[in-house]
Amino acid sequence: SHLYGYYLITELARLFYLTPSQQLLLAFNLHIHFATIMGPSNPTKAVESSPSLDKSSVSSLYTFSNIFLSKAAYEQVSNEFHPYHKHDLNVLAHLITTPLGVWGAIQLAILFGSESLVLLYAVGVLLSTPMLTGVLHTILVALMVYLEPLQVTTVTEFLLEEMKNTSLFSLVNNQEEYVTPLTMCLLAIALGYGLQDLAHYLCCEKTYMGAYIYTQPSMLFLHSVWLLPLVLDAVLKRYCFLPNVVSRNRNLAVPVSNRTAVNAINEWITKNVQESAETTHVWPHKQQGTSGPVTQLEDDASIYAGFRKIFAAHHFDVKPVQDMNEIYITAVGAKKEINSDAVFYTPHTDGPYWFLPGASLYRVLVGVTPNEMVRTRFNLQHESQDQVLDKYGAVGFDYNRELHWIDHVPGKQNKERRSLVKLHYIVYPKGWHGYGNLCASLNTKYNTWARGNFLKTLQVKGAYEFVLAWWIWLTTKINSLFEESIGWSNLVYVLTAYALSKFVWAPAFLLLTSYRHYVVYMTTFAFRDNVALGYLMRDAKFYKTLALLQLARRLVPLIELPHDVPALLLACAGFGTTLMATAQLGFVRTYFGSELGFVEPKWIDGFPYNSIPHPMIVGQLFAYGSILVCLGQRIPLETQLLVGGHMSCYVLHMAQEMLYSSY
């Protein structure tokens, strides 16, 4: 496939009157480039569930009826294309690289006076693909025709000049070089092709072209013509990636398959671990009687099936982290207030590595003894997701990100001390084994360090142990309050928006933080499967608070008392209506608790629901409308547009509720 690409580009170079030596140099550079990206070829490695191409079926594609009337040709190519593009990041990368390459080809045709080829391409795709795909493709081609290389060159030079003025790029050579339109087009085509292959390599997916290029090279024509529509189809199949915005419940709760291993561990604990006033921790792979059963649990089929419901096999790899595993036996007697065990009764996360992108260290608890008293609770999930871990049960959660704690079920008492196995697994991007090992190593080292501190505070004998125990509890409490109210991921989002506003585009922070809660509302309402209610409520409240603060910062200085008292009263009436509607529903139902299945539907007949349709949204619209009307021309245009944006989002969400509500 690379040789075929070299052939095409060499022919292109010949067309532009490059000398044979220049062509050879170009081909050599391309060879080094693509060899670096793709690495050694491995034709024996097949794509998972990828279809093989039949020669007769390929030849039957090239008929007028199949291409333009039934569109069966596009459907067949689409069915063959998508198994090579299962990874969301690969598709997202194609959404950038493919338009880049197509833009270069279109502008190249225009540059040499072949506008008719561009028109033929656009019309051919429109008539041979599904309607929505064809329309979207036509719009993109029209934009590509409008965006000329000189415009791109001007923008690029402006950005480079701006970067040269910053301290970071102060050492950049100030020599100006003009990039010709021809160079820009060729560069776009080369980058589009090369970065596309790089995306396949990074996502561990073979290319579609590699499946046919040696047996049916003529397929390259259809593949090239339909590549952008196929990418658009892949994006549409993923609903434009909007489901990824929704906060999902990533906890797993399954019964283990291997009960024999659980029984063996239970017997070993009974024979070898004496009752104690402090919790007991056993490292299973250092004990001859426990290493085998724990290894069997690490490979338990039910646990892996639980992971695969959360992490798709074409996106992630999962493997045990044995050095972190332990057997935990609870203390006998009253709970002590001043030692590290008190942390278990305090909302907490177990590790600090929430910032590792694409990787999650999971702790999976396996019940070894019967239990009906101790309950594991998750602060950012609905209470229905709390788990009383009984014998043979397994509960897993993100070690670094999921807030959890334990308490006692009222009126319940265990007949024997509670014992469980703590298993650990690293989940990381598929094929990125080095990165997965690094993440596992970081978590293991932290766990060893933290475990040592915990053991020191099990028996508080002096001032050092006392201070250490309090320090562990205090930092745990502060982290819990921050995560429950704001969240580390939201902090990263806000800081990124601020950086974009500071260095790239001034309105970025305002727009990205003013309307984010509407995106949370609408995507959650549209894609309701397995939603984490606590995360939804936290994010919606946080971003709405940010939006209101930014509105207040712009509107409050414009208020003139006592002239604007009527405006304030009208706005308060609108916001008050929203608050009363929230009080009638309660927070869980306000944030789609009924639609998401967490609570039973309930008919609300109190005010304002007995008088005003959709009072929560209507109240907001009334308040914002009153502000616009009463303050009038005093409001700057930017602020008027900002308020109008809020009202438009509420109208869209109200229409969504009216059209797609379950009730």
Side-chain angles (χ1 to χ4, degrees), residues 481-482 484-522 536-587 590-591 607-608 611-612 614-654:
L481 290 173
F482 180 83
E484 204 163 1
S485 304
I486 298 176
W488 293 106
S489 58
N490 289 331
L491 178 64
V492 171
Y493 178 88
V494 170
L495 292 177
T496 302
Y498 178 78
L500 289 173
S501 180
K502 189 74 173 176
F503 301 109
V504 180
W505 188 45
F509 182 81
L510 178 65
L511 296 176
L512 290 174
T513 57
S514 290
Y515 302 118
R516 173 68 189 269
H517 59 291
Y518 300 113
V519 176
V520 172
Y521 293 154
M522 288 187 273
L536 163 65
M537 295 170 64
R538 179 198 68 184
D539 295 349
K541 292 176 186 176
F542 173 69
Y543 287 110
K544 183 166 185 177
T545 300
L546 268 182
L548 291 175
L549 287 174
Q550 296 195 87
L551 275 176
R553 178 172 171 268
R554 285 162 174 76
L555 293 173
V556 169
L558 304 177
I559 295 174
E560 299 175 357
L561 296 177
H563 179 267
D564 290 328
V565 168
L568 292 176
L569 292 176
L570 290 173
C572 288
F575 289 128
T577 300
T578 297
L579 291 175
M580 285 188 286
T582 303
Q584 287 285 350
L585 286 181
F587 276 120
T590 294
Y591 293 99
F607 184 81
S611 305
I612 304 172
H614 299 279
M616 201 170 294
I617 294 178
V618 170
Q620 299 279 319
L621 293 175
F622 183 81
Y624 289 134
S626 300
I627 292 171
L628 287 178
V629 171
C630 295
L631 297 186
Q633 297 301 317
R634 280 178 284 162
I635 304 178
L637 178 61
E638 180 186 275
T639 305
Q640 291 183 29
L641 294 174
L642 184 66
V643 175
H646 282 284
M647 297 178 71
S648 300
C649 289
Y650 271 122
V651 170
L652 284 174
H653 184 42
M654 183 167 63

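Given the structure is predicted, the values throughout are model-derived calculations rather than measurements.
- Using a 4.5 Å heavy-atom threshold, the side chains of Arg634 and Asp564 count as touching.
- Two residues are said to be in side-chain contact when any heavy atoms from C-beta on lie closer than 4.5 Å; Leu558 and Pro636 meet this criterion.
- Using modelled atom types, no side-chain atom of Ser501 and backbone atom of Pro507 make a donor-acceptor pair closer than 3.5 Å.
- Residues Tyr521 and Lys544 have side chains in contact (heavy-atom distance under 4.5 Å, counting atoms from C-beta outward).
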Checklist entry - Do Ile612 and Met580 pass the side-chain contact (heavy atoms from CB on, under 4.5 Å) test, and can you show the C-alpha distance, the side-chain angles, and the key distance before you say yes or no? => result CA-CA 12 Å; Ile612 304 172; Met580 285 188 286; over 6 Å; no
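- Tyr518 places no side-chain N or O within donor-acceptor distance of the main-chain N or O of Ser648, the cut-off being under 3.5 Å.
- Side-chain N or O atoms of Ser611 include none that pairs as donor or acceptor with a backbone N or O of Phe607 at under 3.5 Å.
- Residues Thr496 and Leu512 form no side-chain contact, since every pair of their non-hydrogen atoms from C-beta on lies 4.5 Å or further apart.
- Between the side chain of Gln640 and the main chain of Ile635, a donor-acceptor pair closer than 3.5 Å is present.
- Crowding of Tyr498 atom OH: a count of heavy atoms from other residues, nucleotides or ligands under 6.0 Å not exceeding 12.
- Heavy atoms only, all atoms of each residue included: Ser514 and His646 are closest at O-CE1, 3.3 Å.
- Within the 3.5 Å criterion, the main-chain N or O of Lys541 finds a donor-acceptor partner in the side chain of Thr545.
- To the nearest 0.5 Å, the span separating CG on Leu495 from CG on Asn490 amounts to 11.0 Å.
- Summarising the geometry of Leu570 relative to Phe622, their closest heavy-atom pair is O-CE2, 3.3 Å, with the distance given to 0.1 Å.
- Residue Met616 holds its CE atom at 4.5 Å from CG of Leu585, rounded to the nearest 0.5 Å.
- Within the 3.5 Å criterion, the main-chain N or O of Leu642 finds a donor-acceptor partner in the side chain of Tyr515.
- In this structure, OH in Tyr650 is found 3.5 Å from CD in Gln620, a value given to the nearest 0.5 Å.
- Of all the heavy atoms in Thr577 and Pro615, the pair that sits closest is CG2-O, 3.8 Å.
- The CZ atom of Arg553 lies 11.5 Å from the CG atom of Leu551; values are rounded to the nearest 0.5 Å.
- A distance of 10.0 Å separates CG in Leu641 from CG in Leu511, rounded to the nearest 0.5 Å.
- No donor-acceptor pair closer than 3.5 Å links the side chain of Arg516 to the backbone N or O of Tyr543.
- The two residues Pro557 and Ala552 come nearest to each other via the heavy atoms CD-O, 3.9 Å.
- Between Val494 and Phe509, some side-chain heavy-atom pair lies under the 4.5 Å cut-off.
- Under the 30°/60° scheme for interplanar angles, the aromatic rings of Trp488 and Phe482 are found to be tilted.
- Residues Pro608 and Gln584 share a closest heavy-atom pair of CD-CG, 4.3 Å.
- Of all non-hydrogen atoms in Arg538 and Ile486, the two that sit nearest each other are NE-O, 3.5 Å.
- For the atom pair CG (Leu652) and CE (Met654), the distance works out to 9.5 Å, reported to the nearest 0.5 Å.
- The number of heavy-atom neighbours closer than 6.0 Å to CZ of Phe587, taken from other residues, nucleotides and ligands shown, is 12 or below.
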